[in-house]
Amino acid sequence: MVCYDTPLVTYGLIRLQTPPGFRLSGVATAHGWHALAPYRWDAETGTLHRIEELPGGVTHLQITQPDTILVRADRTLTSADAREAERRLRWSLRLEEDLSEFHALCASDQALCEAVRPSGGRLLRCPTLFEDVIKVVLTTNTTWTQTKAMAARLVATLGAHAPGDPSLRAFPPPEAVAVAGEIVLKEQIRLGYRNTSVLRIAEDVAEGKLDLEALKDSDLPTPELRKRLLALPGVGPYATATLLMILGRYDELGIDTELRSHVSRKYFNGEAVSEKDMRAVYEHWGQWRYLAYWFDPQ
DNA sequence: GTCCAGGTCGCGC
DNA sequence: GCGCGACATGGA
């Protein structure tokens with residue numbers, strides 16, 4: 001029997017140990033994030049593509065799951081690169097997250113159980129909270145098609161690339177967005193009125209006034225975390241709930257048009273529903289409300 | 001041309 | 001606290 005101490009690195013290859021029952025295909029596609037650059041999901045081969053700027057340079061990572069999670073890089077990785085790639089991917093794939101209590105609660109509902117099974121309830125996230133915050137802002141008051149286009153332009157315009165290959169670019173760090181400034185955002189990246197919020201968040205992080213990464217794995221009580229997210233420009237109640245989900249806090253529902261129509265259709269015969277109605281439906285799921293809604297079958 | 005999309009913000013009451 | 005319109009962008 002082969003036992004992999006993590007990370008086991010050979011040239012450009014990393015293996016990640018996974019929790020029992022982990023399915024990459026389910027986790028990658030459980031929500032839309034896999035379609036936002038610099039992620040790309042290839043359903044044919046079951047490969048999650050991701051471009052990351054590692055200490056040693058911009059790297060194309062191809063993540064598959066023949067048995068354990070296998071990460072192939074398009075270049076030889078130093079051990080520092082491999083450690084960093086592993087750290088980012090373990091966070092993104094939520095390999096440390098314990099959802100066993102949610103699974104136990106799902107057991108009583110077979111349809112829900114089946115909806116949860118492919119991903120185990122793990123929703124893909126980005127290596128940095130900065131990237132997730134920007135992407136959540138890009139989902140507000142627009143269509144999914146435009147969200148994808150905005151993320152693609154942000155990466156294509158400002159993302160770092162390996163020498164000689166500008167087609168593969170990483171997500172721009174806050175400094176790159178801050179330096180780009182409002183003209184580039186307005187004329188090239190075209191985030192609409194979100195330009196202002198995105199630029200301000202990037203500037204605040206770049207200047208050290210805002211430490212988003214410290215909110216990951218912080219033991220702040222959820223109400224305090226909520227307050228800090230809500231304070232970000234362009235981040236209202238819906239975006240806050242989504243970001244709390246990103247951070248592994250599932251007790252708050254993101255109230256938006258999708259939730260409204262789902263609850264109306266499934267529980268109220270298509271009639272108009274109030275915010276109170278929506279909350280009541282998932283109330284008994286306590287700290288698992290977001291996941292209970294997310295995987296709630298039609 | 002008009003409407004609106006997985007909202008947010010600032011205003012007036 | 002609550003209701004209302006404006007807000008950039010691009011597709012229907």
Side-chain angles (χ1 to χ4, degrees), chain A residues 29-37 39 41 115 119 121 123-126 130-158 177 180-204 210 212 223 225-247 249-268 270 272-279 281-282 289-298:
Chain A
T29 58
H31 70 146
W33 256 211
H34 64 276
L36 299 184
Y39 273 126
W41 171 248
S119 66
L123 300 173
L124 182 69
R125 58 189 169 188
C126 298
F130 171 70
E131 181 177 339
D132 275 322
V133 167
I134 300 306
K135 285 179 171 173
V136 169
V137 169
L138 299 190
T139 66
T140 58
N141 193 31
T142 188
T143 57
W144 182 240
T145 307
Q146 294 216 58
T147 299
K148 286 190 283 189
M150 288 188 267
R153 285 194 297 267
L154 189 54
V155 168
T157 310
L158 301 179
V177 179
E182 51 185 88
I183 307 289
V184 172
L185 279 162
K186 180 171 170 44
E187 295 182 358
Q188 291 183 251
I189 305 175
R190 304 193 301 280
L191 308 179
Y193 64 85
R194 300 165 200 79
N195 284 336
T196 317
S197 331
V198 167
L199 184 56
R200 221 176 89 203
I201 293 168
E203 286 172 343
D204 286 356
L210 173 64
L212 289 176
L225 205 46
R226 182 180 190 283
K227 214 174 84 187
R228 299 207 190 176
L229 294 168
L230 202 49
L232 300 172
V235 175
Y238 159 75
T240 294
T242 308
L243 287 166
L244 285 171
M245 170 281 279
I246 293 284
L247 290 169
R249 318 265 185 134
Y250 301 109
D251 53 313
E252 187 158 345
L253 289 171
I255 306 284
D256 65 2
T257 54
E258 282 296 311
L259 175 65
R260 191 174 294 280
S261 60
H262 173 76
V263 169
S264 163
R265 211 179 321 118
K266 177 160 179 174
Y267 300 98
F268 290 83
V273 291
S274 69
E275 204 169 309
K276 204 174 151 193
D277 293 330
M278 295 186 264
R279 293 191 194 286
V281 169
Y282 300 100
R289 288 182 194 115
Y290 192 105
L291 292 179
Y293 155 61
W294 189 262
F295 292 99
D296 191 15
Q298 287 289 307

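Note on naming: letters A, B, ... go to the chains in the order of the sequence lines (proteins, then strands), and numbering restarts at 1 for each one.
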Could you check whether A:Y290 gets within reach of a base, just the sugar-phosphate, or nothing at all, counting any heavy atom under 4.0 Å?
->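 If one applies the 4.0 Å heavy-atom cut-off, A:Y290 turns out to touch nothing in the nucleic acid.
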To the nearest angstrom, how far is A:L243 atom CG from B:dG7 atom P?
->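 Distance, rounded to whole Å: 15 Å.
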Between C:dT9 atom C1' and A:Q146 atom CD, what is the distance in whole Å?
->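 Between C1' of C:dT9 and CD of A:Q146: 5 Å.
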A:R153 has an atom CZ; how far is it from atom P of C:dA8, in whole Å?
->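 Checked: the CZ to P distance equals 16 Å.
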Whole-Å gap separating P (C:dA6) and CG (A:N195) |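 Computing the A:N195:CG to C:dA6:P distance gives 21 Å.
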Does any non-hydrogen side-chain atom of A:V136 lie less than 4.5 Å from one of A:V235?
->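 The answer is no, as the side chains (C-beta and beyond) never meet within the 4.5 Å cut-off.
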Roughly how far apart, to the nearest Å, are B:dC11 and C:dA8 at atom P?
->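 Rounded to whole Å, the distance is 15 Å.
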In whole Å, what is the span from the CD atom of A:E182 to the P atom of C:dT9?
->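 Going from CD in A:E182 over to P in C:dT9 covers 13 Å.
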The contact string for nucleotides 8-13 of chain B, one letter per nucleotide 5' to 3', using protein heavy atoms under 4.0 Å with B, S and - for base, sugar-phosphate only and none, comes out as SS----
Between B:dG6 atom P and A:Y293 atom OH, what is the distance in whole Å?
->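 So the two atoms are 11 Å apart, to the nearest Å.
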4.5 Å side-chain heavy-atom contact, A:Q298 and A:R265 |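 Of all side-chain heavy-atom pairs linking A:R265 with A:Q298, at least one is under 4.5 Å.
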Assign A:R260 to base, sugar-phosphate, or nothing according to its heavy-atom contacts below 4.0 angstrom with the strands shown.
->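 Result for A:R260 = nothing.
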In whole Å, what separates the P atom of C:dC4 from that of B:dC4?
->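 Their P atoms lie roughly 16 Å apart.
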Think A:R190 has a side-chain N or O under 4.0 angstrom from the OP1 or OP2 of C:dG10?
->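 So the side chain of A:R190 is within the cut-off, an N or O lying under 4.0 Å from OP1 or OP2 of C:dG10.
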For A:K148 and B:dA5, what is the distance between atoms NZ and C1' respectively, to the nearest whole Å?
->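 So the two atoms are 14 Å apart, to the nearest Å.
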Specify the separation, in whole Å, of atom CG of A:L123 and atom C1' of B:dG6.
->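 Those two atoms, CG and C1', are 14 Å apart.
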Rounded P spacing from B:dC3 to C:dG5 in Å =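 My reading of the P atoms in B:dC3 and C:dG5 gives 13 Å.
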Residue A:K186 excluded, over 12 heavy atoms near NZ under 6.0 Å =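 Not buried by this count: 12 neighbours or fewer within 6.0 Å.
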Determine the Euclidean distance between corresponding P atoms of C:dG10 and B:dC9; express it in Å to zero decimal places.
->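 Roughly 22 Å separates the two P atoms.
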Which heavy-atom pair separates A:L259 from A:G254 by the least distance, and what is that distance?
->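 Reported closest heavy-atom pair: CD2-O, 3.6 Å.
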Give a yes/no answer on whether the side chain of A:T139 brings an N or O atom under 4.0 Å of OP1 or OP2 in B:dG7.
->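 No, no such contact exists.
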Write down the atom of A:L253, the atom of A:M278, and the distance for their closest heavy-atom approach.
->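 Smallest heavy-atom distance, with atoms named: CD1-O, 3.9 Å.
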Are there more than 12 heavy atoms of other residues, nucleotides or ligands under 6.0 Å from atom CZ of A:R200?
->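 It does not: A:R200 CZ has 12 such atoms or fewer within range.
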Neighbour count above 12 (heavy atom, 6.0 Å) for A:K227 NZ |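 Incorrect, the count does not exceed 12.
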Which of the following nucleotides, B:dG7, C:dG10, C:dA8, is nearest to the side chain of A:R194?
->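 Minimum distance to the A:R194 side chain belongs to C:dA8.
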